[in-house]
Amino acid sequence: MERVEQHASCGGRQEVWKHASSALGCDMKFGVYLPAQALRGERCPVLYWLSGLTCTEQNFVTKAGAQAHAAAHGVIVVAPDTSPRGKAVADDDAWDLGQGASFYVNATQAPWAAHYRMQDYIAGELPALVERHFAATDARGICGHSMGGHGALVTALRHPGRYRSVSAFSPIVAPSSVPWGRKAFTAYLGPDEEMWSAWDATALIASARERLPILVDQGDADEFLATQLQPERLRDACAAAGHPLTLRMQPGYDHSYYFIATFLGDHFAHHARHASR
């Protein structure tokens with residue numbers, strides 16, 4: 001572990017760390033905000049944030065204004081990169097596949113399978129690292145945006161008992177049915193669409209073994225709403241399964257960090273409430 005950035009913020013400290021990942025076979029970076037309580041050695045709950053297509057660990061920590069909310073609630077916030085990186089890591093010329101576009105799955109197809117095991121990293125290696133090196137409890141929440149919203153929902157659903165709360169902004173709720181997801185899943189998981197359901201939130205809801213309440217915010221002016229996001233699919237799946245969902249359509253808001261920053265406080269309150277149970 002090597003700390004490559006640190007900045008005083010809201011009484012705590014925003015840091016960026018670099019480490020060698022055994023799950024991914026490359027060096028990875030993640031941002032971590034440590035509130036004052038954690039700096040004093042008091043153990044704090046952790047909120048994991050998964051960013052969207054093309055992002056790195058920097059987007060959320062510099063654009064969302066998360067530090068003030070984390071400080072108010074005494075929450076550590078961890079924001080990893082969105083994919084493995086490096087010259088030896090497979091990539092694609094397109095912005096929606098390869099580096100910056102992992103979809104948080106464990107790839108099974110060449111050349112991606114050698115490094116793209118992001119689910120193992122997000123749900124296993126990274127939390128173990130955080131809880132070993134920082135003043136973190138095992139009270140975990142997970143949240144994300146767009147591709148990262150998909151990642152947050154799927155990760156929580158695939159690992160019952162590991163997270164106390166889950167939420168998302170503008171998530172890709174049914175990747176098996178929309179262009180972004182179909183492209184990524186074909187590349188990473190292969191052409192057998194039956195295998196994709198293990199990575200699709202709308203499919204996983206039906207067999208979920210726990211009922212974590214889901215909070216989703218979606219802007220109704222989002223340019224990707226009809227083609228890529230389709231939150232009504234998640235609404236219908238949750239209704240059919242009796243899974244608790246709060247889906248808030250926000251008038252006039254788009255897909256940007258202006259949208260995220262506007263409603264992020266509600267998500268921190270959601271996660272803080274469940275972390276204390």
Side-chain angles (χ1 to χ4, degrees), residues 31 33 45-55 59-70 72-73 75 77-80 82 103-104 122 140-157 163-175 177-178 180-181 200-202 204-205 208 211-239 241 243-275:
Y33 178 74
V46 184
L47 178 60
Y48 291 86
W49 170 272
L50 305 184
S51 289
L53 289 164
T54 75
C55 291
N59 295 71
F60 182 70
V61 303
T62 59
K63 293 181 177 181
Q67 292 84 359
H69 301 299
H73 290 286
V75 174
V77 180
V78 175
T82 54
F103 273 76
Y104 301 101
I122 293 298
R140 311 175 196 99
I142 190 165
C143 183
H145 172 234
S146 194
M147 176 188 73
H150 142 76
L153 295 173
V154 165
T155 302
L157 290 165
Y163 300 91
R164 296 192 183 182
S165 54
V166 59
S167 71
F169 289 86
S170 316
I172 305 170
V173 301
S177 303
V178 299
W180 279 343
D200 187 306
T202 57
L204 290 170
I205 285 288
R211 291 289 187 260
L212 285 184
I214 299 171
L215 171 62
V216 171
D217 273 308
Q218 171 66 62
D220 72 0
D222 191 318
E223 60 269 41
F224 305 115
L225 177 59
T227 56
Q228 307 284 3
L229 307 178
Q230 303 179 2
E232 66 277 2
R233 290 180 180 269
L234 181 64
R235 179 198 63 207
D236 294 346
C238 286
H243 196 109
L245 169 69
T246 300
L247 172 59
R248 307 193 308 184
M249 298 298 298
Q250 303 292 2
Y253 285 90
D254 58 19
H255 202 70
S256 71
Y257 267 83
Y258 298 107
F259 166 54
I260 294 170
T262 301
F263 299 103
L264 188 60
D266 292 346
H267 287 247
F268 267 90
H270 169 79
H271 291 283
R273 184 166 60 252
H274 289 284

TODO: Would you please test L234 and L245 for side-chain contact (heavy atoms from CB on, under 4.5 Å) and show each step?
DONE: CA-CA 9 Å; L234 181 64; L245 169 69; 4.1 Å; yes

TODO: Specify the closest pair of heavy atoms between A201 and L157, including all atoms of both residues, with the distance to one decimal.
DONE: O-CD1, 3.9 Å

TODO: For the residue pair H271 and S165, confirm or rule out a side-chain donor-acceptor distance under 3.5 Å.
DONE: yes

- [ ] State, to 0.1 Å, how close A237 and I205 come at their nearest heavy-atom pair, and which atoms those are.
- [x] O-CG2, 3.5 Å

TODO: Measure the acute angle between the ring planes of F60 and Y257, then classify it against the limits of 30° and 60° as parallel, tilted or perpendicular.
DONE: tilted

- [ ] Measure from the side-chain N and O atoms of T82 to the backbone N and O of C55, and report whether any donor-acceptor pair falls under 3.5 Å.
- [x] yes

Open item on the list: Tell me if the centroids of the rings in W180 and F103 come within less than 6.0 Å of each other.
Closed with: no

TODO: Using the six-membered ring wherever Trp is involved, compare the ring planes of Y163 and Y48 and label them parallel, tilted or perpendicular (cut-offs 30° and 60°).
DONE: perpendicular

- [ ] Could you please spell out the steps behind the side-chain contact (heavy atoms from CB on, under 4.5 Å) verdict for I172 and V178?
- [x] CA-CA 8 Å; I172 305 170; V178 299; 3.8 Å; yes

Task: With sequence neighbours excluded, residues passing ring pair (Phe, Tyr, Trp, His ring centres under 6.0 Å) with F263 - done: Y253, F259

Task: Any donor-acceptor N or O pair under 3.5 Å, side chains H150, D200 - done: no

TODO: Answer whether the closest heavy-atom distance between the side chains of F169 and L215 falls below 4.5 Å.
DONE: no

TODO: Report yes or no: does R248 contribute a side-chain atom to a donor-acceptor pair with the main-chain N or O of D217 at less than 3.5 Å?
DONE: no

- [ ] Give a yes-or-no answer on whether the side chains of S51 and H145 include a donor-acceptor pair shorter than 3.5 Å.
- [x] no

Open item on the list: Between H255 and Q218 (side chain of the first, backbone of the second, donor and acceptor by atom type, cut-off under 3.5 Å), is there such a pair?
Closed with: no

TODO: Taking all heavy atoms of I122 and all of I142, pick out the closest pair and write down the distance.
DONE: CG2-CD1, 4.3 Å

Task: Nearest atoms (heavy-atom pairs only) where A152 meets G144 - done: CB-N, 3.8 Å

Task: Residue pair C143 / F268, side-chain heavy-atom distance below 4.5 Å - done: no

Open item on the list: Determine whether a donor-acceptor pair (N or O, by modelled atom type, separation under 3.5 Å) exists between the side chain of Q67 and the backbone of V61.
Closed with: yes

Open item on the list: Any non-hydrogen side-chain atom of V78 less than 4.5 Å from a side-chain atom of L47?
Closed with: no

TODO: Identify the heavy atoms of G151 and L50 that sit nearest to each other, and give their distance.
DONE: C-CD1, 3.6 Å

Task: Y258 backbone acceptor or donor facing S256 side chain under 3.5 Å - done: yes

Open item on the list: If the condition is salt bridge (charged side-chain N to carboxylate O under 4.0 Å, His left out), which residues does D220 pass it with, not counting sequence neighbours?
Closed with: none

- [ ] Could you tell me whether a side-chain N or O of Q230 sits under 3.5 Å from a main-chain N or O of V173, the two making a donor and an acceptor?
- [x] no

Task: Closest heavy-atom pair and its distance - L225, P231 - done: CD1-CD, 3.5 Å

